[in-house]
Engineer: 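One structure follows; several queries about it will come next.
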Amino acid sequence: MSSDMDPSIDGVDHHGPPHLSVMDLGLAVLTVLGPLAALLLFDAELVQSYVYAMMRAALQLSLLAGLILVPVFASRNVYVVLLYLGFMCTVAGREAYRKFKWRYHGLTWHCAIAVLVGATYPIAMASLFIVQPVPWYNPTVVIPITGMVLGNVLNAISLGLKTFLQATAENGQTISLSLCFGADRFEALGSTLRVAFTTALTPGINGMSVIGLVSIPGMMTGQLLAGQNPRDAASYQLMITYLIGAGSVCSATVAVLLACYTIIDARVRLRNDLLVHTDDKDQKMTSDRSKESVFRQEVRAEWDKHVTAQRTDTVLKINQLHISATPDVPLCSIEKLELHEGEICVIHGPSGIGKTHILNTIAALSYSSDVCNQKVTSSLLLRGKSVSSIGPTKWRRRVLKVPQTIPSLAGCTIQEWMQDTVLCFKTHKNENSGYLEAKKERTTIIARMMAAALELGLQDEDMVSKKMASLSVGQRHRAVLACALALQPEVLLLDEPSAALDETATTALETQLRRISHGEAQTSILVVSHDPGQINRLADSVLTCEL
């Protein structure tokens, strides 16, 4: 490689960069292969992938320079330029999701839309208002800028979506618990969204933090090698940096929000069933087929009301409610159920028959009832109003389900979770209350929670100082139940609340349930139980599930 460049008086080279021969590029390849050889001892597959990527980059750049850019630059035709830009966006959209471990139907289109938005906005700004090339589609300006923007857009989408889908798949129980307590879409996914956006945008933030101090970016390096004035090169690099930032923010936001609206649907229900792990795709399809055979025989849920007292106020009314596992596979049918104020109805039947599914449907958490074209809105009424008329989040505020499995909620105590998460949900806020009134109301709820926990056999330290992860399964369940009791819902849905409790804790639980149902609160309760003795002790009415 020759180097006879003569700098001018102003310190800027006007002769352009030295020509690179094939031998020069070969030396660059050897520069990479040397360190890679050391990695063969640890991960040969990684080295193979890296070498393959190097070969692909060499081939793509050779084709780009010789067969594509030369004729495109020479044509100066708007349709040719737009066609090539569309090709670039299509490839970027495909690459954005190709290596995801978790996917869902429609992910391809969501990535394509995110790439299109993330690329179009900054490129339009650059072409029409900032650089203003003549003509506006000048390929020597638009194509290089698009290439730089798309590379970073691709990274932002990949990092953001990968993090979001992984966190959603792993933290489904935590998200479901928030939905049970009345969270809306963004409240339930708040921490997941923050982690996803942080992961997607951190590389860009780090890059801007050290630009010009630690690193000289590729575009500025190229301009300096070409003899450009350093001030002009810095200005162009700054413009590109901001355009890349705009594209990254737009694309990551669009991609993650589209996934957010898919994973939690329009009726605010978690749809983790849509997520498919790429390694387990075949196993999941086999599992779904076996599920169909299990549920092909419909379950009948018959209501046996043996309460002696005549109650006039019907809180929850179910009439001809049909629940299905899939559109063509019926799971359960409830002909009639009326739950009055202060009434305890026990649901019992064989394991796996669909009792939890019944609670999920009543709590407006299950999607399956809508799938089979059943008019669930007229079959499930709370004081004469349907889920759609009340709204799913407000419905769950009034019809509150405590799941059987309680997540550890790592990093916080139950009081912190109640105070800083649940009571911050919009459905628990009184819009007409002032600051002092709202603060007093929150204090009252926390006091009720502590009193309920004490009656359930928990100590103050279990609620205040111990992290949820350090509590036993039974303690976690009673702690969350205390939170639910403090909110005073009209209907409380419990899924085997005493399954992990000893005899003493079970007695305390049953005493508390009778107190809130038959006492001043008059809370109506639907509880799943397999214990015949508990059914006799608690039940005012029984919902029996049988084939």
Side-chain angles (χ1 to χ4, degrees), residues 168 171-193 260 263-265 267-272 316 356 359-366 382 387 390-431 438 441-453 456 458 463 468 471 475-497 512-513 516 521 523-528:
T168 303
N171 301 320
Q173 290 182 350
T174 302
I175 297 169
S176 294
L177 183 61
S178 295
L179 294 176
C180 287
F181 276 75
D184 63 22
R185 176 186 288 108
F186 295 111
E187 290 166 342
L189 291 173
S191 60
T192 304
L193 290 172
C260 172
I263 297 303
I264 293 187
D265 64 15
R267 293 187 63 182
V268 201
R269 297 167 299 189
L270 180 63
R271 297 300 307 273
N272 258 4
L316 188 73
T356 298
L359 294 186
N360 287 337
T361 301
I362 294 174
L365 291 166
S366 174
L382 178 67
V387 177
I390 294 175
T393 57
K394 291 183 179 179
W395 176 278
R396 293 176 199 136
R397 169 66 179 86
R398 299 169 65 181
V399 181
L400 200 159
K401 180 196 172 192
V402 178
Q404 182 178 7
T405 304
I406 304 298
S408 60
L409 300 174
C412 68
T413 66
I414 189 66
Q415 182 175 359
E416 290 170 345
W417 177 73
M418 184 68 169
Q419 208 162 22
D420 302 333
T421 302
V422 174
L423 294 183
C424 291
F425 295 160
K426 287 182 287 188
T427 188
H428 296 300
K429 293 180 179 179
N430 188 345
E431 297 178 355
E441 185 177 351
R442 288 164 62 93
T443 303
T444 303
I445 293 175
I446 295 298
R448 286 203 300 261
M449 178 194 73
M450 298 301 295
L456 288 171
L458 297 174
M463 306 294 288
M468 281 285 282
L471 299 179
Q475 286 176 318
R476 285 205 298 266
H477 198 285
R478 283 180 287 165
V480 172
L481 176 58
C483 295
L485 296 177
L487 294 172
Q488 295 183 332
E490 295 177 53
V491 179
L492 186 61
L493 308 178
L494 303 177
D495 193 354
E496 298 188 52
Q512 180 75 340
L513 294 183
I516 65 168
T523 302
S524 304
I525 301 174
L526 268 172
V527 55
V528 172

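Nothing fancy with the numbering, it's 1 onward along the sequence. The figures that follow rest on heavy atoms only: side chains count, while hydrogens, waters and symmetry mates do not.
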Engineer: So, do Pro403 and Leu177 sit near enough that their side-chain heavy atoms are less than 4.5 Å apart?
Structural biologist: yes
Engineer: Report yes if some heavy atom in the side chain of Ile406 is under 4.5 Å from a heavy atom in the side chain of Leu471; otherwise report no.
Structural biologist: no
Engineer: Considering non-hydrogen atoms only, spot the tightest contact between Gln173 and Thr405 and give its length.
Structural biologist: NE2-CG2, 3.4 Å
Engineer: So, taking the atom named OG1 in Thr421 and the one named CD1 in Ile414, what distance separates them when rounded to the nearest 0.5 Å?
Structural biologist: 9.5 Å
Engineer: So which heavy atom on Thr393 is nearest to which on Thr427, and how close?
Structural biologist: O-OG1, 3.6 Å
Engineer: Any side-chain heavy atom of Gln415 within less than 4.5 Å of one from Met449?
Structural biologist: yes
Engineer: Just so I know, are the side chains of Gln475 and Arg478 near enough to count as touching, which here means a heavy-atom distance under 4.5 Å?
Structural biologist: yes
Engineer: Going from CG on Leu485 to CD1 on Ile445, what distance comes out if it is rounded to the nearest 0.5 angstrom?
Structural biologist: 12.5 Å
Engineer: In Å, rounded to the nearest 0.5 Å, how long is the span from CG of Leu382 to NZ of Lys394?
Structural biologist: 13.5 Å
Engineer: Please confirm whether the backbone N or O of Phe181 pairs with a side-chain atom of His428, one donor and one acceptor, at under 3.5 Å?
Structural biologist: yes
Engineer: Just wondering, do Ile525 and Ile516 contact through their side chains at under 4.5 Å, heavy atoms?
Structural biologist: yes
Engineer: With sequence neighbours left out, which residue pairs that include part of residues 175-193 fulfil the side chain to side chain donor-acceptor pair (under 3.5 Å) condition?
Structural biologist: Asp184-Lys426
Engineer: Is a side-chain N or O of Arg396 found less than 3.5 angstrom from the main chain of Ala364, in a donor-acceptor match?
Structural biologist: yes
Engineer: Atom CD in Glu441, atom CD1 in Ile446: separation rounded to 0.5 Å?
Structural biologist: 11.5 Å
Engineer: Considering all heavy atoms of both residues, which atom of Cys483 and which atom of Met418 are nearest to each other, and what is their separation?
Structural biologist: O-CE, 3.5 Å
Engineer: So among Val528, Leu526, Leu513, which one has a side-chain contact (heavy atoms from CB on, under 4.5 Å) with Leu494?
Structural biologist: Leu513
Engineer: Do the non-hydrogen side-chain atoms of Val527 and Pro497 ever get within less than 4.5 Å of each other?
Structural biologist: yes
Engineer: Please enumerate all residues that pass side-chain contact (heavy atoms from CB on, under 4.5 Å) together with Gln488, with sequence neighbours excluded.
Structural biologist: Arg448
Engineer: Measure across Leu492 and Ala484 and return the closest heavy-atom pair with its distance rounded to 0.1 Å.
Structural biologist: CD1-CB, 4.0 Å
Engineer: Donor-acceptor check, side chain of Arg398 to backbone of Glu490, threshold 3.5 angstrom: yes or no?
Structural biologist: no
Engineer: Would you say Asn272's side chain and Thr168's backbone share a donor-acceptor pair under 3.5 angstrom?
Structural biologist: yes
